[in-house]
Amino acid sequence: MMISHQKVFVLAALLFWPPGRAAAQTPSVGTTAETNHPDSVISTDTIMDTPRASRPADSLPRAGAVDSGSSEEGLSVSQGGETGSLDSLERAALRDSILEIKASIFRGYSHYPSTLDSAFVLGRVFPFHIFSADDAAISPALQDHPAMVRIPYTLSSSLNRVLFFGLPSGHVALKSNAWEPKLRSGAVVGTDIISPGDMHDAVILPPASVCYDAFPRPMASPHVLMFWESGLFAENSLDVRFARPLGRHVNLGVFSTYRYFERGEYSTSGSMEDLYEPFMKDTSVLVREGENPLTQEHLSGARVGWTSSNGVRLAAAYDYFDLHDDIAFEKLDTSGSMLYWSERSLYSHRASGGIDNLRLGALGLGAGAFVNNDVHRTLPLADSLETGAGARGERTRVGASATPFLPLGDDTTRLHYEFSKDDKTRFNGGKWTIVEHRPALSHVHRFSLGPVNTKLFGSFGYMLAFLEDNLARAPVWDAGFSADAFGQRLGVFAAQQRMPLDVPYDTAVVLMPRRLLVEVYPESFVDLYRLYGADALLSYKRAGIYLGAILTDDIDPYKLAYYWPGGTVPYTQPRRVLVVSPLLGWWHGLAARSSWLFSDTKPYVKSHSTLSFHSPGRGKRQRLFVDLGYDYWTEREYVSLGGIDTWSEPIHDVHMKIAVQIRTFRLYYKIGNMLNRKNAYVPGYFLPGITFRWGFNWMLQG
């Protein structure tokens, strides 16, 4: 690990040093992040009200009443008058309210859900869900949504991702603020580019957006979140977040994530093989040996935010990524097909800043700008590699956005405009420039019919892209309806979206001559697809069931491969998906959930099931948690890659985690692939046999 203990303790001491006048803060109602559709941005509509603290998960509405597309409540801190001007009763009330804010933040991590309301809130990821995932990445927490399918390449890596409704074309967009660009899963990184240390909570929006609340957020006292894990392949995973107020208006957040798994061959033959053989009819599915790809990633960043007493927020962010991962690929020679590995390195600097919730009379405004610079390298690990040896590519992307919005009672109308310029140098030195303009208009209308809360939303936008002075146009739109009452929820939506506009670094991917590709087929990188979906949650007391369905257009499999590492897609894009997810709330410490996705293409069935048990200890401050999970996929279409043809075998993945939690400190032990089977979620990547990992998760508050 490159970070010395002395530096960590010095930084912790500085961040926990009492802020100058932060004690004079008074709390107010949190910001409302209203996200209407997947391609929209988050704009905050802050309404000042009587002080109150944010609510723990159990005090939220019933699971069926949660609107995954509506408002997010956070905690906002505004500044009143000087404490010296307050009388004794006002000072006491101020002190009590600050203490309640501190306690509510603490409860967000330490309060374990005990009812269906909090254990199975769909479309929302709370601090405890992220905290108890016990992982240096967010995909395990996002997988709790019944319609999410996790795609792990390795035990932990930025390549890992989740797919909404299991659609390989549904590139999940990660979005935190109106002034920050979306982070989309693609050929270079997956959804796990975001770590738990950089987020507080999240809202999952169909068809493929995750809007998360990034630190720093207004707070009453500093805190530190620490995660550490060790295990096989010399694993060393560390996730650290420092956040603190710097005064009455300013908050600072710093995070750092380090993941390391050693590259090398492994063998599980011998006593381990003898243990499983008596119980296995087909011993060929057992893991006997394999090769673990390298994971060496460092992600770090800093964010500073200023919040005024009337809710206006100024913020700036900087992130640095230093990612090294082995990518599997196939090479054909006279001896046949062989599986090789290439070390992919990504060095990235990303900066952004903006203003949010600026009020100009009845009108609101959000605006921002960003600049990203990525350097992409590949290093062959085999001497016989010829194509792409020592390849280097670079990408610089700059952009700006503006979002005027008009709240009209329960309605909100937004006009959003975004501009970006993308300069990319590919592996052969060729330069591509793509300039995009994206205007969009959206509207949300809310109303109630007795106990039924209803929302109608819709948006229409246009994407104009210039490639080599050739214009490509694409209309994008979405519309939807949702209603909830008495713990029941129904939602329908339809959308026309485009695949992320991109040009692969690897020149071998595009075989068509450059001029012919651009001038004759300028729309070749502007692929539109439509989808139609519906979901419902029905619940009664401690039980519930989630139902969902989605229909999509055909997606060109050749172009779809652009957006996956090495051009290898985990399975064929389905056109129809049905989700059935029974849920059982807490009963004598037991809870169960299972999600089954049925598709019209192989694998026809994908499922993720969990049986959980928790037992409170003395004083209800200590708890024991046991989670037993089972992931099952039916067989996929036949694939031969690198001379291996067993990638399409069914997946049976049994795993378990045992954790002890004392207030906000968790000590855990993980056992993965308990059946010691050859499981490959993506062709080219066999997960190792049975694995053992351990670590701790700790939130400290000053």
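Values below: every heavy atom of this structure, side chains too, minus hydrogens, waters and symmetry copies.
In this structure, Y320 has no side chain to side chain donor-acceptor pair (under 3.5 Å) partners at least two apart in sequence or on a different chain. With sequence neighbours left out, S345 forms a side-chain contact (heavy atoms from CB on, under 4.5 Å) with H324, E343, Y347, R377. Y668 is linked by a side chain to side chain donor-acceptor pair (under 3.5 Å) to E229, counting only residues two or more places apart in sequence or in another chain. Under the side-chain contact (heavy atoms from CB on, under 4.5 Å) criterion, A302 pairs with V254, not counting sequence neighbours. In this view, T425 and K431 satisfy the side-chain contact (heavy atoms from CB on, under 4.5 Å) rule, not counting sequence neighbours. Remark: D374 engages R350 in a salt bridge (charged side-chain N to carboxylate O under 4.0 Å, His left out) (not counting sequence neighbours). Qualifying ring-ring contact (aromatic ring centres under 6.0 Å, His included) partners for F419, counting only residues two or more places apart in sequence or in other chains: H437. Shown here are the side-chain contact (heavy atoms from CB on, under 4.5 Å) partners of L323, two or more places apart in sequence or in another chain: S158, V189, I193, E297, L299, F321, D325, R344, L346. Remark: Y109 engages R241 in a side chain to side chain donor-acceptor pair (under 3.5 Å) (not counting sequence neighbours). Partners of W306 according to the ring-ring contact (aromatic ring centres under 6.0 Å, His included) rule, which considers only residues two or more places apart in sequence or in another chain, are H249. For S195, the side chain to side chain donor-acceptor pair (under 3.5 Å) test picks out T257, with sequence neighbours left out.
Counting only residues at least two apart or on different chains, the salt bridge (charged side-chain N to carboxylate O under 4.0 Å, His left out) pairs with a member in residues 189-198 are D198-R303.
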